Structures are given as C-alpha cells and as structure tokens.
There are 2 protein chains.
Amino acid sequence: MSSSTTSSNRQDYLKAILSLELRGLKASTSAISEKLSTQPASVTGMLRVLSGNDLIEYIPYQGAKLTLEGRDEAIFLLRKHRLWETFMVEKLGFGWDEVHDVAEQLEHVDSQKLISKLDAFLGFPRFDPHGDPIPDSQGVLADRSTLVGVNEIALGKTASIRGVLSSSDSFLKHLDDLGIKLGLQFTVVKVFEYDGSYQVKVGMSEEVWSKKLVEQLLAEVKSQVDNDNI
Amino acid sequence: MSSSTTSSNRQDYLKAILSLELRGLKASTSAISEKLSTQPASVTGMLRVLSGNDLIEYIPYQGAKLTLEGRDEAIFLLRKHRLWETFMVEKLGFGWDEVHDVAEQLEHVDSQKLISKLDAFLGFPRFDPHGDPIPDSQGVLADRSTLVGVNEIALGKTASIRGVLSSSDSFLKHLDDLGIKLGLQFTVVKVFEYDGSYQVKVGMSEEVWSKKLVEQLLAEVKSQVDNDNI
DNA sequence: TCTAATATTTAGCCATGCCTAATCTTTATG
DNA sequence: CATAAAGATTAGGCATGGCTAAATATTAGA
C-alpha cells in the first residue's frame, strides 16, 4: 500500500527528531534518547542506520537533521497520528486525554489508502482534538493563527472550542470534568481579573472556568511549539 | 490497556493455529509454516516459546493445540480483524476485497477499549463483510445458520446480502463489478438451472448472476469452515 | 588555556525470530 | 517388517535493536 519500508522502530526515531526540530531544538543524541526512553548508545547506533538510509543527515557529535525524505515520512506519521486521534474522539467518543497511546500504535499501520479514506470520513479536519494542525495529504500543516484565545473573545460573543495549548493528561481530564469538549459552543458571559490572572465565565452552564484553564487558553499561539503531540 | 503481552509475531502463530483448529485440521509444524510462510524449523522454535507461555500445548512431532488462554487471545484477534474489516467497508467505503491486509495490521493494535468502542460504533455487528461471524466481547461466535443461500429464497421474495462463502479477491472483485454489495436488497425474479447449476435472476437490475456466483452462494453453510478469513 | 564535567561513541553482549543444513522421527509402501 | 519418503527437530548463523561499561569528544569554568 504505502511505499514505506521503514520499520516501526525507525519511524519512532524520525518522529522524535521531527518533534525536536519543530520546536527549534537540536536533535542531539541525548535529546532523542530521552524522548524514546532508550540509552544514548542505542541512539548512536540507530542514527548511523537512518543516515545510511538517507532519512537523516548525521555527523557524529553533531546530532541529526531530517532529510527531505525523512521529513516527509515523519510528517506522514504525524498526519496519521492526529487523524486517528480525531477519529477516536469524534467518532468513538473517547476523551481527548485517552487517545495518545493508542494513536501511537495506529500511526504505524501502513496504508496510504486507509489514511486518505479516513481523512475523507472525518471531513478533512485541519486540527486534531488537541487543536494541533493535521498535515494534509501533501504534508502541509494548517495555520493555527486563525484560532484565538478565550480572552480575545468579546463579551456576549459566541465561539466554540477548537483546541487547547496543553495536552497534559491531568489538564485534559480537568476539562472533561468541567464538561468542556472539543467543538463545544459557548457564550462569554463575563471576563474579570482574579489573582493576577483571568477568569472567564461562559454561558454553557454555571461553571466559572478555573484559573488554570484560562491561563492555558490565554497563552499565545506561539507557545504552541512547546506542545508536541507527536 | 489490554493485558496482552504477546508479541505481534507470536499472535500470528496463535491465529494460524486457531485457523487450522477451526477447520478441524491438526496444527502441525508444516501446516503452520505454510500459513505463515516461514520455514518449519522456525515454527518449531516458536512452538517451544508459546508452549512455555502456556498459550499452546506442544508435544514434539505431535503438533500444537491452543490452551484456553491461547484460544482466547486468538479469538480476540479474530474479533479485532473482523471488526476492522467491517469498519473499513461500512464506514470508509472500501471494497471487501481490499481490506484483509490492512486488517492484518490493525488487529495487532492493543487496546480493549478501542475495540469495544469500535464495536459499539459499528452497531455490534454479528457478521463481517465476508459474512464471517464476529466474536462478541465474550469471544462467542454468532451462529451463521440463520443465513440462507440464495437458492433457498422463494421466487418473488426480497432478501439482502449478508455474506459470501468465498472471500477470494477475484470473486469479491467480480461481485463488486456486478454491483453486489453487502446489505444490498434484492428480489428473486427467476431461478433456473443452467449447465447443471443454478442461475438466479434478481430484481436489483437486469444482470443475471453468473454461474460461479450462484454456486458460491448456494454452497451449504457447513462448507464455511473452508473459508478462513483470519 | 587547561581541566573538569558532560555528551557521545565504541566495544562487547543479549534477546527475538528468522534461515539453512544436518539429523532424527514417523509414516507409508513394497 | 523393513526401508524409503516425508515431516520435525537440532545446530549454528544472521539481522535488528536494545543494554552496560569503557573510551573519546566537546563544552564550560576557573
């Protein structure tokens, strides 16, 4: 189906390197080893292999850089991961804090056709349940700058949740407990400062969003690079 | 998620053994090796391992038998395989001749919860697109004896396609070409003998079902054991 | 700049699963 | 029942991808 011949294992390395590059960090041996929970010595061995396959450029002691080919493959993994997460949340009713580990497995299923059909089935979503952009079939990432923080919404306006800036399990669980889901429509009822930060009261029910929640939602879009859901 | 700790590789062995047992054959070294396209010597090695894990009973030169535990695991694989196939055909619009290989990968994804949610999403189907029964969450296989062959349907009656008795790619492709899909409703217009076999003309369009098709659909349910879609 | 701390690589090993060749067992046949 | 053919197992390797310990580079601090 797909032309990929890279093993699931090696794909994990490509993902780890992409994740580092996306946030502007150097893909050093130790950074990769930490991401994958392997020993640095193991990473060195794999970097040699990936380099031999022209998936990365690797100079000893200097870290790794994805080649175009390696980047394409890593982006496709990202696409698969985020489409599967979207599927699980939107269609199967998973909580968005539950889907990462399973998507981690699903993304290694090798079939171009499966993914393009899944994409169509989901209505070609541009963002996943965490609000992270889903690469399209050409590997292009949507621009998230069209999204605004909750604090930017005028009083009385109606909007809906498209994503969050942190995908820590505890935070997502917290949102679930508050009844806040992806796609939820709400009206801004009141915005006020509290304890040096914002509180936003919305019309979806009587809850006042917690301070922590608002902080997360207020964060600048550029802080997104800290959130890799890869 | 799932309690399974059996590697994908070993799972393939369990599936192969189940497939043989379901059709009443002995799970001999050579039979397994043929199913998996490995060398007999490799099978011997793996049977030792599986036996050590109490997934099979293995007596050298005597073949393998699944233990209860091994059988449960193999049945769960069958369940996953057939649910994924159903998903791909019913929801994603795949042809039923295209889904086997991908399901082969998807079935190794390890999450009980994913499968029970998928099952619910599909409406707890009892048969997959090939008409093979899908084990329920308790591992119980539905009884296919409620299905009847096309020749058993009285003239003028309406029925719908629930499955076929052969899942060879060429046959499924042939059905697709004729516009015959799972769930298709039709009315029996005419049944007649031709060249020693049956032809059935149905009201779905002007096609006369081909001799080969009719033979397949006429076969007795008990011949199902020849058809393993595992 | 020289050294100490940190990062990286090399060397040597282990486990998983596969393979071929050689050596049994079992089964089938005269 | 003896023996050949067929089937199964053991022995010895190979590739992948991990690990630890030891050696070597790089970087940071005095």
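Lettering of chains follows the sequences in order, A, B, ..., and the numbering in each one begins at 1. Fair warning: this is a prediction, and the values are worked out from it, not measured in the lab.
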For atom [atom1] of [X] and atom [atom2] of [N], their distance in whole Å:
X	N	atom1	atom2	result
B:E34	D:dA6	CD	P	15 Å
A:I59	D:dA25	CD1	P	16 Å
B:M46	C:dT16	CE	P	10 Å
B:Q39	D:dA11	CD	P	19 Å
B:K26	D:dA8	NZ	P	7 Å
A:Q11	D:dG17	CD	P	11 Å

Exercise. Taking atom CG of A:L14 and atom CG of A:N9, what is their separation to the nearest 0.5 Å?
Worked result: 11.0 Å
Exercise. Which heavy atom in B:P129 sits nearest to a heavy atom in B:W96, and how many Å separate them?
Worked result: O-CE3, 2.8 Å
Problem set entry | Lys/Arg cation over aromatic B:F87: A:K91, 6.0 Å, 45° cone | no
Any side-chain N or O of [X] below 4.0 angstrom from OP1/OP2 of [N]?
X	N	result
A:Y61	C:dT6	no
A:S7	D:dT16	no
B:R48	D:dT10	yes

Exercise. Only one of A:R82, A:K15, A:R79 clears salt bridge (Lys or Arg N to Asp or Glu O under 4.0 Å) with A:E107; which?
Worked result: A:K15
Give [X] one of three labels, base, sugar-phosphate or nothing, depending on what nucleic acid heavy atoms sit under 4.0 Å from its own.
X	value
B:P40	base
B:T44	base
A:S42	base
B:T38	sugar-phosphate

Exercise. If you pin B:A41 and A:L47 to their nearest nucleotides in DNA chain C, which one's is more 5'?
Worked result: A:L47
